[in-house]
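First the proteins, then the strands, lettered A, B, ... as listed; each starts at 1.
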Number of protein chains: 2
Amino acid sequence: MSQHRHPGAPGRAGAVPALPDLPEATVARLPEYLRALHNLAETGNETISSEGLANAAGVNSAKLRKDLSHLGSYGTRGVGYDVTLLIEQIEYVLGLTQRRAVALVGVGNLGHALAGYDGFAGRGFRIAALLDADPARVGEEINGLVVQHVEELPRVAAEESIAIGVIATPAAAAQRVADQLVAVGVTSILNFAPCVLSVPDGVDVRKVDLAIELQILSFHEHRKASLTALPAAGGSALTALPGGLAVTESQEAIGT
Amino acid sequence: MSQHRHPGAPGRAGAVPALPDLPEATVARLPEYLRALHNLAETGNETISSEGLANAAGVNSAKLRKDLSHLGSYGTRGVGYDVTLLIEQIEYVLGLTQRRAVALVGVGNLGHALAGYDGFAGRGFRIAALLDADPARVGEEINGLVVQHVEELPRVAAEESIAIGVIATPAAAAQRVADQLVAVGVTSILNFAPCVLSVPDGVDVRKVDLAIELQILSFHEHRKASLTALPAAGGSALTALPGGLAVTESQEAIGT
DNA sequence: AGGCGCTTGTGAACACGTGCACAAATCGCG
DNA sequence: CGCGATTTGTGCACGTGTTCACAAGCGCCT
C-alpha cells in the first residue's frame with residue numbers, strides 16, 4: 001500500500017530504496033536534526049527553513065542543506081522543508097521505522113542508569129533484555145525487566161532478534177561480552193567500557209567514554225588558562241592554579 | 001616551584017610551556033593513548049613502539065606517530081617511546097597534572113550513575129559537588145557527597161574552584177543550568193541532556209547523547225540489511241516496511 | 001499574469017585529517 | 001668500530017568534510 005506516501009520510497013522510479021551511502025559525518029548529524037524536528041513539530045511548525053533548522057540543531061545552514069541533499073531531500077525553494085515529511089525521511093534512513101531491540105549487558109552503576117533511561121524508548125529503541133555475569137545480580141528487576149545471566153544470551157537473542165548490544169561492564173569483561181554478542185549475530189555494539197574492542201569485519205562498534213570527554217575538556221581548560229596567563233607574563237605557576245577569574249562575560253550567554 | 005621537574009616543561013630552554021595548539025582530532029585521541037599507556041605501565045612495560053601502542057589504542061601507527069610528534073614527542077628511534085615519560089607528557093598537555101574539580105548538576109537516573117562512576121577519580125577528576133533543582137533530592141548522600149540545591153552553585157564554585165560542569169538534567173532544564181554554570185565562571189561543560197546549548201565564546205561544550213549513538217548504529221544496521229537484501233531483488237515494499245526480515249544474515253558476522 | 005523576494009540545492013575552493021613510504025637516527029652485536 | 005636491524009619523524013598525495021556563493025525554483029502579492 002501507498003508506497004508513494006511512505007517516507008522511505010524516494011521519488012525516483014526505481015523500486016529499490018537502496019540507501020545512498022551517506023558521508024559518516026552526515027549520518028552522525030541526522031539524529032540531531034531529527035530531535036530538533038520533533039521539537040519543532042511539537043511546537044506546531046509545519047515547515048522549517050534550513051536556517052531555522054540549522055539553528056535548532058546547532059550547525060551551519062549550508063552544511064544542513066548539503067546533508068539533507070544527500071538523502072534526496074524534499075525541500076521546497078522559497079518555503080523550506082515540510083517538518084513531518086522530513087521526520088519520516090530521516091527516520092527511514094536511520095532505520096527507525098522499526099523499533100530495534102537492544103540487549104544491555106552489565107547492570108552495574110552505569111547499566112542501571114541506562115536501563116532506566118527513557119530516552120531510548122522515545123527514540124526508536126526498546127531495551128529487550130538486561131544481562132549480567134554476576135549471579136548476585138541475576139533476578140533483580142529494573143524498570144520492569146528482570147536481569148538474566150549473560151549465558152542466556154543465545155536464547156534471548158533468538159527470542160527477541162536483538163539488533164544492537166550495549167556493553168556497560170567493567171573493561172576487563174568487555175571483550176568477552178563483545179565476543180558473545182558477535183557470536184549470537186549482533187552486528188552493532190555500543191561500548192561504554194574504557195577499552196578497545198576487536199570485532200570481525202562487518203560489525204560496527206561505537207564507543208562512549210565519559211572520562212575521555214572530560215579529558216578533552218580538560219585540555220581546552222588547560223589551553224585557555226595558559227593563553228590568558230601569557231599576556232600577563234606573570235606566573236607560570238598561576239597557569240596551573242586558576243583561582244576565580246569568573247563572571248565577566250556571562251551576560252553574553254543569555255542572548256539566545 | 002620545581003618547574004623543571006614537572007613533566008610539562010618541554011626540554012627546550014623557554015620558561016613558558018605554551019601549549020602547541022594540537023589538531024582537534026589529535027586531542028580526542030590523546031586520552032585513548034593515555035589509557036593504553038597506563039595499561040602498559042601496569043603490565044611492566046618500560047618502552048613501547050608506535051606499532052604496539054597503536055594496536056593497544058586501536059589506531060593506525062602512522063597516525064599515532066604524527067599525533068605524538070605534534071607535542072614534540074620524545075621517542076627514541078630504534079627503540080620506541082618511554083612509557084612513563086610519555087604518560088607524563090600527555091597528562092601535562094591534557095592538563096591532568098592538577099586534579100580538576102567537577103560539579104555535577106542533575107542527580108536523576110544518569111546523574112546517580114555518574115556520581116558513582118569511579119572512572120573519574122582514577123583519571124584526573126574529582127567530583128566536587130552534586131547539585132539538583134529538586135528540593136526532594138537535596139540532602140541525599142551519594143558516594144559520600146551530599147546533594148545540594150543548584151542555587152548553592154555560586155558558593156560551591158567559589159569554595160571548590162570548579163573547572164568543569166556536567167549537566168545531567170532533563171533537556172528542559174539544561175540551558176538554564178548552563179547559564180548558571182557560565183555565570184559562576186565555568187568554561188567547560190559536558191552536556192548529557194539531549195539539546196543544543198548556547199554559550200558565550202570561550203566556553204567549550206561537549207555533548208554526549210546516548211540515543212544518538214544508538215541511532216547511528218541503527219543506520220548502519222539498516223544499511224547492512226538493505227545491502228544483503230539487494231541481491232535477492234525481492235520487494236521494495238519489504239524494504240520500506242521491514243515487518244520481520246530480521247535474523248537472516250546474522251551468520252555473516254561470525255567470520256572473523 | 002508577471003515580477004519580486006525568499007529558500008533550496010550545488011559547484012568549487014578551501015581546510016582538515018589520514019596513510020603511505022622513506023630518510024634519519026639509534027641500539028646491539030660481532 | 002662499523003654494520004645491520006629497527007623504529008621514529010615527516011614530506012607528500014589523497015580523501016573527507018566544510019564553507020562560500022550563486023543560479024534555479026517556488027510562492028505570494030500586486
* Asked: Are OP1 or OP2 of dT8(C) and a side-chain N or O of Ser50(A) less than 4.0 angstrom apart?
  ->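 For Ser50(A), the contact criterion (side-chain N or O under 4.0 Å from OP1 or OP2 of dT8(C)) is met.
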
* Is the shortest side-chain N/O distance from Asn60(A) to OP1 or OP2 of dG17(D) below 4.0 Å? -> no

* **Proximal nucleotide (of dG27(D), dG17(C), dT7(D)) relative to the Val79(A) side chain** =>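 From the listed options, dG27(D) comes nearest.
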
* Asked: Which nucleotide in the set dT8(C), dT8(D), dC26(D) lies at the smallest distance from any side-chain heavy atom of Tyr81(A)?
  ->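 Ranking dT8(C), dT8(D), dC26(D) by closest atom to the Tyr81(A) side chain puts dT8(C) first.
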
* **Residues, nucleotides or ligands: over 12 heavy atoms within 6.0 Å of Arg99(B) CZ** =>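 Enclosed.
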
Round to a whole Å and report the spacing from [atom1] of [X] to [atom2] of [N].
X: Glu51(B); N: dG9(D); atom1: CD; atom2: P; answer: 15 Å
X: Leu22(A); N: dT16(D); atom1: CG; atom2: C1'; answer: 14 Å
X: Leu85(A); N: dT8(C); atom1: CG; atom2: C1'; answer: 15 Å
X: Leu53(B); N: dG9(D); atom1: CG; atom2: P; answer: 12 Å
X: Leu30(A); N: dG17(D); atom1: CG; atom2: P; answer: 13 Å
X: Leu71(A); N: dT10(C); atom1: CG; atom2: P; answer: 12 Å
X: Tyr74(A); N: dG25(D); atom1: OH; atom2: P; answer: 17 Å

* **Distance-only donor-acceptor check, side chains Thr84(A) and Glu46(A), under 3.5 Å** => no

* Going by distance alone, is a donor N or O of one side chain under 3.5 Å from an acceptor N or O of the other, for Tyr33(B) and Asp67(B)? -> yes

* Structure fact -> Comparing nearest nucleotides in DNA chain D, the 5'-proximal residue of the pair Gly78(A), Thr26(A) is Thr26(A)

* To do: With DNA chain D as reference, determine whether Glu24(A) or Arg77(B) sits nearer its 5' end, using the nearest nucleotide of each.
  =>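 Closer to the 5' end of DNA chain D: Arg77(B).
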
* **Thr76(B) side chain vs Val79(B) backbone, donor-acceptor pair below 3.5 Å** => no

* Between His220(B) (side chain) and Ser188(A) (backbone), is there a donor-acceptor pair under 3.5 Å? ->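 Not at all, since once roles are kept as given, no pair shorter than 3.5 Å links the two residues.
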
* Decide, yes or no, whether a salt bridge links Lys207(A) with Glu32(B) under the criterion of side-chain N to carboxylate O below 4.0 Å. => yes

* Please walk me through it: do Asp204(B) and Arg223(A) pass salt bridge (charged side-chain N to carboxylate O under 4.0 Å, His left out)? -> CA-CA 12 Å; Asp204(B) 284 298; Arg223(A) 189 138 184 299; over 6 Å; no

* Asked: Near DNA chain D, which residues from residues 61-70 of chain B have a heavy atom under 4.0 Å away?
  ->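 Only Arg65(B), Lys66(B), Ser69(B) qualify.
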
